[in-house]
There are 2 protein chains.
Amino acid sequence: MYNVSEKVNLVDIAGRAGVSLSTASRALNNAYGVSAATRTRVLAVAEELSYVVSPEASRLAGGSTGRVAVVVPHISRWFFGEMLAGLEEVLRSADLDLLLYNIDTLDHRRHFFERLPARRKVDAVVVLAFPVDEQERKRLELMGVAIVAAGGQSASYPFVCIDDHIAGRQAMDHLLFLGHRRIAMIAAETPLAPGWPKTNQRSAGYYSALEEAGIAPDESLVRTVDWGGEEGAKAMGGLLSLKDPPTAVYAHSDEVALGAIRTIRRAGLRIPEDISVIGIDDHPAGALADLTTVHQSVREQGAIAGRTVLAALKHEEFDPAIIVPTELIIRSTTAPPRRRGVL
Amino acid sequence: MYNVSEKVNLVDIAGRAGVSLSTASRALNNAYGVSAATRTRVLAVAEELSYVVSPEASRLAGGSTGRVAVVVPHISRWFFGEMLAGLEEVLRSADLDLLLYNIDTLDHRRHFFERLPARRKVDAVVVLAFPVDEQERKRLELMGVAIVAAGGQSASYPFVCIDDHIAGRQAMDHLLFLGHRRIAMIAAETPLAPGWPKTNQRSAGYYSALEEAGIAPDESLVRTVDWGGEEGAKAMGGLLSLKDPPTAVYAHSDEVALGAIRTIRRAGLRIPEDISVIGIDDHPAGALADLTTVHQSVREQGAIAGRTVLAALKHEEFDPAIIVPTELIIRSTTAPPRRRGVL
DNA sequence: CTGTTAGCGCCTTCAG
DNA sequence: CTGAAGGCGCTAACAG
């Protein structure tokens with residue numbers, strides 16, 4: 001098999017350029033103390049031989065790893081993939097490599113924090129959208145590298161996320177504005193993050209909106225489910241079996257909302273005529289279902305997290321708590337409620 | 001900052017265990033020639049000091065990198081995320097790290113193949129669901145490592161994928177069986193992979209099914225769009241503006257089908273009464289929309305690709321061409337056509 | 001079975 | 001501005 005890279009080392013290019021090893025090294029790393037002429041020559045030779053440093057050797061001799069670990073739950077979900085895309089883009093632009101660790105079960109999660117497979121392999125780790133507990137935090141710090149969180153607040157690390165309370169309010173206020181008073185909430189909670197502030201805050205938005213509107217919360221209208229469309233569908237079934245069903249449903253996420261919609265349609269009811277539905281996230285599948293929702297720029301959050309990492313690595317200043325704005329997107333799953341008698 | 005790992009090296013554990021450096025090394029790598037007693041002792045010390053090898057040093061001294069690069073277009077799409085999840089899981093179980101390269105534009109793609117950022121950094125690269133051209137193949141081989149493809153056939157590398165022709169036939173045969181004769185196709189093509197066998201084969205399934213049913217293809221019923229729901233929605237608009245619209249639509253993917261559904265609904269038509277819709281993939285959003293589709297196990301394909309990588313790295317035998325079966329999933333977007341006059 | 005000895009490829013003082 | 005020399009932490013022959 002034809003293979004160049006295995007053979008071309010710094011010595012080679014040094015020899016070919018007629019300089020010493022160290023000069024070649026300096027030139028490549030554009031360090032001080034190399035004449036422009038020499039540098040150009042070295043660079044040319046390197047280019048010609050298509051040389052690339054051995055990251056291993058470089059690192060061993062005192063450099064950084066040039067890698068960052070990204071820990072993400074459920075990589076196949078749009079939200080995380082999108083965030084990862086934003087993150088990857090800025091890391092790549094800085095020539096950093098991304099080591100991916102998917103943590104989609106409690107077992108994998110434990111494994112990750114106990115074994116710390118990324119130890120000694122990265123310059124930083126970013127935790128995507130799930131809360132690390134106290135113990136995990138300690139393990140992480142054993143790695144002795146920069147840590148940043150994205151997609152959720154963190155007490156311990158710099159983070160970037162949306163304000164879930166506000167997002168919840170935007171959804172609820174829209175429903176309230178339309179005239180709904182009997183509004184259900186399907187709260188989503190992932191087993192990986194029970195009690196994660198995200199879900200709580202989205203719930204808090206529900207309660208505070210109701211209170212402000214002078215409506216007493218009815219706990220029979222509140223369902224908490226494991227994150228996901230199928231779960232949302234099930235919860236909606238429960239809601240529809242109430243003697244006095246809601247005229248509108250606020251779901252913590254678009255996936256959950258989509259599940260609810262399926263149940264409503266299967267029940268022969270129409271949206272939004274009979275029941276309004278709103279979600280949060282602005283998931284592309286939601287757009288395809290004409291779902292009213294609250295938009296958040298997920299990819300941008302990933303990118304910001306990436307920039308935070310870069311700043312941290314360069315020991316530059318950075319904002320340790322960035323909140324990205326959200327925005328109501330009205331599509332066609334919400335409308336004013338019909339009179340009760342008409343239904 | 002408290003930090004253990006930076007300090008504990010092989011020498012330390014060797015000294016603490018009262019053995020030489022090389023013995024310690026052997027013990028840790030469970031190589032031949034170490035008494036059980038010694039090994040146990042070394043391992044114990046290593047555990048106690050929570051030692052981890054420096055991958056850089058290890059690699060430099062002759063080992064492998066313990067990393068594999070994964071090149072994926074559009075990481076935020078369910079299909080790729082799912083595949084990645086399967087892949088990550090098996091790689092992780094083999095203690096291999098996954099270096100992620102997202103290639104979502106032509107520019108990034110060119111950048112990747114020209115600069116080969118993964119050069120000298122990995123033991124293998126897996127190309128996820130996009131075709132590498134001849135030139136790219138040459139660049140890739142410069143890396144001198146194992147290469148495997150997943151999610152699409154490859155002439156040059158071992159691969160795992162579904163049979164797109166069969167998948168297309170399963171969708172079409174279902175429609176035909178229901179009695180449809182005027183069937184539209186919305187073909188999806190990603191700019192990243194024009195002419196990628198996948199799309200072609202899914203199209204081939206359309207034509208071969210029609211032919212076998214004795215139906216002359218009507219090119220006005222065939223639309224080719226860039227991959228994605230919004231594009232599918234647009235194409236459906238064109239189809240509905242025909243003097244004689246189709247009674248059923250076969251979309252190359254669930255996303256495209258979902259887009260088509262939105263357009264049909266917005267036009268005030270009902271599914272499946274007025275028009276049937278079928279997709280391919282079994283995307284979770286499709287399930288939430290009760291979309292009839294052809295299922296493929298994406299995660300499993302990723303896992304198989306992972307196992308193929310492992311086998312290749314161990315120089316074991318492996319099947320260089322694995323086809324994963326697909327299966328028709330009937331939900332509620334397909335039904336027999338109504339009589340024309342009734343519409 | 002175990003210890004000694006060379007490097008792996010590069011960066012970084014240190015002299016010139 | 002440049003070259004020589006000493007590791008970085010580990011593995012892989014070699015000897016014992």
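Computed from a prediction, not measured in an experiment: that's the story for all the values here.
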Asks: Just how far, in rounded Å, is P of dG3(D) from CG of Leu10(A)?
Replies: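 So the CG-P distance, Leu10(A) to dG3(D), works out to 13 Å.
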Asks: When you match Val53(A) and Ala36(B) each to their closest nucleotide on DNA chain C, which lands nearer the 5' end?
Replies: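 Counting from the 5' end, the first nearest nucleotide belongs to Ala36(B).
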Asks: Does a side-chain N or O of Ser58(A) approach OP1 or OP2 of dC11(C) to a distance below 4.0 Å, or not?
Replies: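 Answer is yes, contact under 4.0 Å.
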Asks: Side chain of Ser25(B), base of dA12(D): donor and acceptor closer than 3.5 Å?
Replies: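 Answer is no: no donor-acceptor pair is held.
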Asks: Choosing from dT2(C), dC10(C), dG3(D), which nucleotide comes nearest the side chain of Ser22(A)?
Replies: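 So the nucleotide nearest the side chain must be dG3(D).
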Asks: Can you tell me the distance, in whole Å, between the CG atom of Leu60(B) and the C1' atom of dT11(D)?
Replies: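 Whole-Å distance recorded here is 10 Å.
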Asks: Whether the side chain of Ser154(A) engages the backbone of Ser156(A) through a donor-acceptor N/O pair (distance < 3.5 Å, no angle test) should be reported.
Replies: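 Confirmed, Ser154(A) side chain pairs with Ser156(A) backbone.
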Asks: Nearest to the Ser54(B) side chain among dG9(D), dT2(D), dC14(D), which nucleotide is it?
Replies: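 So the nucleotide nearest the side chain must be dG9(D).
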Asks: Kindly say whether, by distance alone, the side chain of Thr38(B) makes a donor-acceptor pair under 3.5 Å with the base of dT2(C)?
Replies: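 Such a pair does not exist between side chain and base.
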Asks: Return the value, rounded to whole Å, for the distance between atom CG of Leu28(B) and atom C1' of dT11(D).
Replies: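 Interatomic distance, CG of Leu28(B) to C1' of dT11(D): 12 Å.
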Asks: Do Arg120(A) side-chain and dG9(D) base share a donor-acceptor contact under 3.5 Å?
Replies: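 No pair found.
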Asks: If you measure from CD on Glu89(B) to CG on Leu84(B), what distance do you get to the nearest 0.5 Å?
Replies: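 If we round to the nearest 0.5 Å, Glu89(B):CD and Leu84(B):CG are 12.0 Å apart.
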Asks: Would you indicate which nucleotide in dG3(C), dT11(D), dC10(D) comes nearest to any side-chain atom of Val19(B)?
Replies: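 The answer is dG3(C), which lies nearest to the side chain.
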Asks: CD of Glu56(B) versus P of dG7(D): gap in Å, rounded?
Replies: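 In whole Å, dG7(D) P and Glu56(B) CD are 21 Å from each other.
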Asks: Is any side-chain nitrogen or oxygen of Tyr51(A) closer than 4.0 Å to OP1 or OP2 of dC10(C)?
Replies: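 Affirmative; the distance criterion is met.
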Asks: Determine yes or no for a side-chain-to-main-chain donor-acceptor pair under 3.5 angstrom, with Ser58(A) supplying the side chain and Pro55(A) the backbone.
Replies: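 Checked: no pair found.
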Asks: Tell me: CZ of Arg59(A) to P of dT12(C), nearest whole Å?
Replies: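 Interatomic distance, CZ of Arg59(A) to P of dT12(C): 12 Å.
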Asks: I need the full list of salt bridge (charged side-chain N to carboxylate O under 4.0 Å, His left out) pairs touching residues 122-135 of chain A, with sequence neighbours left out, sorted by first then second residue.
Replies: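 Salt bridge (charged side-chain N to carboxylate O under 4.0 Å, His left out) check on residues 122-135 of chain A returns Glu134(A)-Arg137(A).
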Asks: Drop me the distance from His108(A)'s NE2 to Tyr101(A)'s OH, to the nearest 0.5 angstrom.
Replies: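 Nearest 0.5 Å value for the NE2-OH distance: 14.0 Å.
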Asks: Over all heavy atoms of both residues, which pair between Arg39(B) and Arg26(B) is shortest? Give the atoms and the distance, please.
Replies: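 So the minimum-distance heavy-atom pair works out to NH2-O, 4.3 Å.
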Asks: Quick one: is dG3(C) close enough that its OP1 or OP2 comes under 4.0 Å of any side-chain N or O from Ser20(B)?
Replies: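 Answer is yes, contact under 4.0 Å.
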Asks: In Å, rounded to the nearest 0.5 Å, how long is the span from CD of Gln301(B) to CD1 of Ile322(B)?
Replies: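 Atom-to-atom, Gln301(B):CD and Ile322(B):CD1 are 10.0 Å apart.
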Asks: For the helix from dC1(C)-dG16(D) to dG16(C)-dC1(D), what is the angle between the axes at its two ends, each from 5 pairs, rounded to 10°?
Replies: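 It comes to 40° between the two terminal axes.
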Asks: Side chain of Ser35(B) only, please: which of dT2(C), dG9(D), dC8(D) is the nearest?
Replies: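 Minimum distance to the Ser35(B) side chain belongs to dT2(C).
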Asks: Show your reasoning for whether side-chain contact (heavy atoms from CB on, under 4.5 Å) applies to Leu98(B) and Val68(B).
Replies: CA-CA 5 Å; Leu98(B) 192 164; Val68(B) 0; 5.6 Å; no
Asks: Specify the separation, in whole Å, of atom CG of Leu21(B) and atom P of dA15(D).
Replies: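 Computing the Leu21(B):CG to dA15(D):P distance gives 20 Å.
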Asks: Once you round it to whole Å, what is the distance between P of dG9(D) and CD1 of Ile13(B)?
Replies: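 Roughly 15 Å, once rounded to whole Å.
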Asks: Hey, does the side chain of Asn29(B) come within less than 4.0 Å of dT11(D)'s phosphate (OP1/OP2), counting only N and O?
Replies: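 Affirmative; the distance criterion is met.
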